[in-house]
Amino acid sequence: MMHAWILPMVFVLCGSAVAMRPALTGDAATAAALMLVFLALAGMHSPLVFPRSIGAREAERRAAVDGRPVVYWRPGCKYCIRLRFRLGRSGRQLHWVNIWRDPAAAAAVRDANDGNETVPTVVVADRPHTNPAPEWVRAQLPPSA
């Protein structure tokens with residue numbers, strides 16, 4: 001999906017533009033720091049960080065079949081990024097649902113969190129868990145996963 005790359009590319013292009021002025025005036029340190037900030041923002045929104053999101057209904061269907069947890073997340077959420085990085089390779093075995101792309105997912109998260117869109121919300125065996133420890137999430141994977 002090409003549109004998944006639009007926001008990261010906007011961050012890279014804006015970062016380049018913002019860093020250009022200090023670079024042209026000889027302030028390489030400021031230019032580098034600005035570019036790093038924008039690259040970090042691009043990385044946090046990159047489809048490389050999170051596996052391809054699916055819809056809430058499809059995630060629920062797949063979880064019922066394979067027993068894997070469903071993770072409701074949103075781009076830019078530092079807790080979602082922490083969970084994803086700490087899960088490492090096992091994170092690819094989960095069903096990831098971006099609540100900003102799926103109104104049903106956002107509604108499910110609000111239902112689980114007293115009306116708040118608190119993420120990550122991990123659903124295991126139809127029970128939601130808000131911001132669980134990555135080790136706990138990893139332990140919820142079926143042995144065959």
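In this chain, residues are counted from 1 in sequence order.
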Any side-chain to backbone donor/acceptor pair from Asn131 onto Pro120? Under 3.5 Å, distance only. no

So if I apply the side chain to side chain donor-acceptor pair (under 3.5 Å) rule between Ser53 and each of Trp73, Trp96, Trp100, which one comes out positive? Trp73

Hey, mind stepping through Val70 and Leu94 against side-chain contact (heavy atoms from CB on, under 4.5 Å) and telling me if it holds? CA-CA 6 Å; Val70 175; Leu94 304 169; over 6 Å; no

Under the ring pair (Phe, Tyr, Trp, His ring centres under 6.0 Å) rule, collect the residues that match up with His129, sequence neighbours excluded. Trp136

Under 6.0 Å from the CZ atom of Arg21, do we count more than 12 heavy atoms belonging to anything else shown? no

Are Glu117 and Ile99 packed together at the side-chain level, in the sense that at least one heavy-atom pair is separated by less than 4.5 angstrom? yes

Give a yes or no answer on whether the side chain of Thr25 reaches the backbone of Pro22 with a donor-acceptor pair at less than 3.5 Å. yes

Expected output: side-chain Arg89 to main-chain Gln93 donor-acceptor under 3.5 Å: no

Do Pro142 and Asp66 have side-chain heavy atoms sitting under 4.5 Å apart? no

In this structure, OG1 of Thr118 is separated from OH of Tyr79 (nearest 0.5 Å) by 10.5 Å

What do the steps show when you test Val71 against Val97 for side-chain contact (heavy atoms from CB on, under 4.5 Å), and what is the final call? CA-CA 6 Å; Val71 181; Val97 180; over 6 Å; no

Are Arg92 and Arg84 side-chain neighbours, meaning at least one heavy-atom pair lies under 4.5 Å? yes

Validation row: Ile54, His95 side chains within 4.5 angstrom (heavy atoms): yes

Are the side chain of Arg138 and the backbone N or O of Arg86 linked by a donor-acceptor pair below 3.5 Å? yes

